[in-house]
Visitor: 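To start, I am sharing the structure in question, which I have written as C-alpha cells.
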2 protein chains.
Amino acid sequence: MEKSDSLVARLEDVAARVGVSRSEVSRVLNGRVRVGKDVGAATRERILEAAREMNYRPHRAAQSLARGRTDIAALMMVIDRDWQLSPFSNGGLELSPHYHEIIGSLTYTLSQYGIHLLLAQCGGEGSDPVAAMEKLARTRSCDGMIITDMRVDDTRPQILEESGLPFVVRGSSPKAGVVAVGMDNVAVGYQAVKYLHSLGHRHILFYNIGLDLMSGQRRFEGFCQAREEFGLGSGIEYYDGAHHENGAYEALCERLKCPNIPTAIFAEDEMGAFGALRALSEAGLRVPEDVSVMTCLNARFMRQVAPNLTVLNVRQSEVAAQAGHLLAKILQGEPVEKQQMLLPPLLEERGSTGPPARR
Amino acid sequence: MEKSDSLVARLEDVAARVGVSRSEVSRVLNGRVRVGKDVGAATRERILEAAREMNYRPHRAAQSLARGRTDIAALMMVIDRDWQLSPFSNGGLELSPHYHEIIGSLTYTLSQYGIHLLLAQCGGEGSDPVAAMEKLARTRSCDGMIITDMRVDDTRPQILEESGLPFVVRGSSPKAGVVAVGMDNVAVGYQAVKYLHSLGHRHILFYNIGLDLMSGQRRFEGFCQAREEFGLGSGIEYYDGAHHENGAYEALCERLKCPNIPTAIFAEDEMGAFGALRALSEAGLRVPEDVSVMTCLNARFMRQVAPNLTVLNVRQSEVAAQAGHLLAKILQGEPVEKQQMLLPPLLEERGSTGPPARR
DNA sequence: CTGTTAGCGCGTTCAG
DNA sequence: CTGAACGCGCTAACAG
C-alpha cells in the first residue's frame, strides 16, 4: 500500500507513520474528537506532530467529493460583447472598471469564510455565457454563485434554481423570491435629477446605461419620477446606452454642435464622466461654471483620479461584500430572507457641480 | 442503487436509463471510443440522447479525483498591507488597478484552454499569504499557479517547486530556472530617462516603486544606466516607494515647496501620475509647458480617462496573456523553456510631455 | 477510545 | 462490443 512516488503525503501515509488507522487521523485533524475522551491525548499529539512534519494537506478533490462541498464560490461575469465587455485585438479583453471593485471585495469577504472565488467563464467569441454558467452549476464546480449585471429578461435565476445551486444576485433580480442585494438605482436616477434641480438647473442632460439592464431600467424609473415631480418635462434630455458606443463622449460631442446647451449633465458612469469632461473641454466649456457634471462612483480608486468630481457613490464594494456575506450564510445553512436588499446611494458633493450660470 | 433525491443526474442514472453500464456511458461521453468498432452506433446515439435529455454533467470533484486534474489555475494575488493593498474601513479592500488588467486577461486566456481562474487567498489581517499559497498548492486545489508582484527576496518560486505544482511567474523571478514572463523594467527605467533627456530635459524627477519589488529593482537598474550614459548625475532626483504613502502626490507637494523645480517628472504608475498632475495644478504649474509628466500605462482603460498622458505602455494584459498561455502549455505537457521572457515597453508619446521651458 | 467498512462519482483496465 | 471490478483520497457510520 505504500506509494511514496507522490510528492505530497496522504492521509494513509500519516496514519502509517503513527501506526493508527486513517479514520483516526482524519478525525483528529478535523477536530471531530474530544481530547481525553474520543482520543488519547498522547495519540493526538503524535498524529498532529506527524501531520505537521510531513506537511500533510487533505487532497481537495477528494475532500470535496467526500464532504459534498467545494468551498468555492463562482462569480459569473458576463464578458460577451453583447453583454458587457469588449474583446481586444491582441487577445485580451477589457473588464469594465466596476468589476474591479466587485472582485476585490468579494475575494476579501469570502476569504473570511474560507471560501475561494472562482471567476467563471467569460463568454468570449461564440460561447454562450448562460450555458457556461449552467455547466458550472451542474458540474458542482462550486457551492454557490454570485451573478451580476442582471438584464431585464435574465434567465439565470431561473436556471440556477432549477439546478439547485445556491446563489445571490448582485443587483436587482427580474425574478422575485431570490436573494439579491444591489444598489437602489431608482434612487440613483431620482436623486441625480433632484440634486441638480435643487442647485437651480432647469435644463439637464441625463445619460443612462442601457434599458436592457435592470440597473438602467430602475434608473430610468427614478429619473421619470423626478422629472415629473419637479416638472422638468421639456427641460430634460434623456439618452441611454443604445445611442452611443463610447459613452457620453461621442454623444455629447454631437450634442454640443447644436444650440441651447444644457446647464448640467449626469453621466452614466466614470468613463462616461471623463468622456463628458473631455467633450466639454474641447468645446471650450468650463466645469462647473458653464456646465455642471456629475456621475456614479463605481470604482473607489477613481476618487483619487478625479477627486473633484461630484458623484453618487453607488457603493460597489459594499454591495458586493453584502452579497458575499449573504452567500456565505446561505452556504452555512443559516436562514436568509429571499428578497431584495437595496442600499441607498450616497451623494458626495464636490467641485464639478454648482448653480447654473446666469443667462 | 437508485437515488433520485439528487437534482442532478449521475453517470449511473444515465446508464440505467439506457440500459448499459456506467463505463460504457463514460467512454462514449469522453470520446474514448471508435464508433462502429468499440461501440454500436445505435447505442452511442441512445447514450448521447439520454445524457442530453437528462442534462447530465460530470461531477467535478469526482472527475478531478479520478483524473487527477482540476482544470483550475490559481492567481496568487498578495493583498496584505505589507505587500500590495490597503484594506478599507468598511471591510472591503482596494485592488491596485493593474490587477484589473491581469485578471481580465488571464480569465480570458485560460478560458480558451478550458481552465478556470481561481483567485487565491488574499491575506487580509494576520494571515500569511505565502502559507496560504502553499496550502493551495499542497491541497492540489489547482493544476497550476500564476504568481505576481515578485519581491527581491521572494520565496514563493522555491516553495512551489518543492510542492511540485507547475507555476509561471508574471514578472521577474529572483530565482533563475523558472518560467517567467514579465515587462522589461530595466528598459522602462532606461527609456523613461532617455526619452525625457532627448526632449532636452536636464533636471528630471524620477519616482520609482519600492526597491523591495523586483520591478522596482529592475527599474532602478535601467534608471542608473541611463543616468550615467546621459551624464545626468546631479540633474536627477530619485525617490522610491519607501518615501511616500500616497504615491507621487504627497512627495511632489513637499518637493514643490522648495526651489529649483525639475522640468520633467516620471511617476511610478497612473495613480502616481494623477497625483503628480494634481500637485502641479495646485501649485499653478502647467503641463507640459512648465513641467513634463509621464508614467507607465498599467490599466488600459486609463487611456480613456487621460488620453493625453505620455506613457510607457507596460502591456499588462499582454504579459498576463503570455503567462496564461505558457501555463496552459505546461499543463498540457508541452515543453516550455525555463527562463525569463521579457516584453519591451512601448513608448506612447502624447500631450503631457514636451521640451523644457527656456529659462 | 480505536479500527473496519462503506461509500462519494467518475475513469480505466481487463476479462468476457 | 460490453460489464464487472478496482482505485482516486477522504469522510462518516458503526462496531468493538
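Only this structure's heavy atoms are used, side chains among them; waters, hydrogens and symmetry mates stay out. The structure presented is a predicted model; accordingly, all values stated were derived computationally and were not measured. Letters A, B, ... are given to chains in the order of the sequence lines, protein chains preceding strands, and every chain is numbered from 1.
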Visitor: Rounding to an integer number of Å, can you tell me how far A:Asp13 CG sits from D:dG9 P?
Guide: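 Rounded to whole Å, this separation is 9 Å.
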
Visitor: Five pairs per end, C1' atoms only: what is the angle between the end axes of the helix from C:dC1-D:dG16 to C:dG16-D:dC1, to 10 degrees?
Guide: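 One end axis against the other gives 50°.
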
Visitor: Go through residues 42-49 of chain A and report each residue with a non-hydrogen atom lying under 4.0 Å from DNA chain C, sorted by number.
Guide: A:Thr43

Visitor: Salt bridge (charged side-chain N to carboxylate O under 4.0 Å, His left out): which pairs involve residues 53-63 of chain B, sequence neighbours left out?
Guide: B:Arg17-B:Glu53

Visitor: Can you name the closest pair of heavy atoms from B:Tyr56 and B:Arg10 and give their distance?
Guide: CE1-C, 3.5 Å

Visitor: Which residues pass the side-chain hydrogen bond (donor to acceptor under 3.5 Å, both in side chains) test with B:Lys175, sequence neighbours left out?
Guide: B:Glu161

Visitor: Taking only residues two or more places apart in sequence, or in another chain, which ones meet A:Ser26 in a side-chain contact (heavy atoms from CB on, under 4.5 Å)?
Guide: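 Here the qualifying residues are A:Leu11, A:Asn30.
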
Visitor: Can you sort out the partners of A:Ala66 under side-chain contact (heavy atoms from CB on, under 4.5 Å), two or more places apart, ordered by chain and number?
Guide: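 Residues passing side-chain contact (heavy atoms from CB on, under 4.5 Å) with A:Ala66: none at all.
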
Visitor: Sequence neighbours excluded, which residues qualify as side-chain hydrogen bond (donor to acceptor under 3.5 Å, both in side chains) partners of A:Thr43?
Guide: none

Visitor: Please table the atom pairs, donor to acceptor, closer than 3.5 Å between any side-chain atom in residues 320-336 of chain A and protein atoms at least two apart or in another chain.
Guide:
{"unit_1": "A:His325", "atom_1": "ND1", "unit_2": "A:Tyr113", "atom_2": "OH", "d": "2.6"}

Visitor: Expressed in angstrom and rounded to an integer, what is the separation of A:Arg34 atom CZ from C:dT2 atom P?
Guide: 13 Å

Visitor: Can you name the side-chain hydrogen bond (donor to acceptor under 3.5 Å, both in side chains) partners of A:Thr155, sequence neighbours left out?
Guide: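 For A:Thr155, no residue satisfies side-chain hydrogen bond (donor to acceptor under 3.5 Å, both in side chains) once neighbours in sequence are set aside.
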
Visitor: Which residues pass the side-chain contact (heavy atoms from CB on, under 4.5 Å) test with B:Arg46, sequence neighbours left out?
Guide: B:Val18

Visitor: I'd like to check the side-chain hydrogen bond (donor to acceptor under 3.5 Å, both in side chains) partners of B:Glu134; sequence neighbours left out, ordered by chain and number.
Guide: A:Asn55

Visitor: Quick one: A:Leu29 CG to D:dA12 P, roughly how many Å, whole number?
Guide: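 Taking atom P of D:dA12 as the reference, CG of A:Leu29 is at 13 Å.
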
Visitor: Let me have a per-nucleotide readout for nucleotides 10-16 of chain C, 5' to 3', with B, S or -, counting only protein heavy atoms under 4.0 Å.
Guide: BBB----

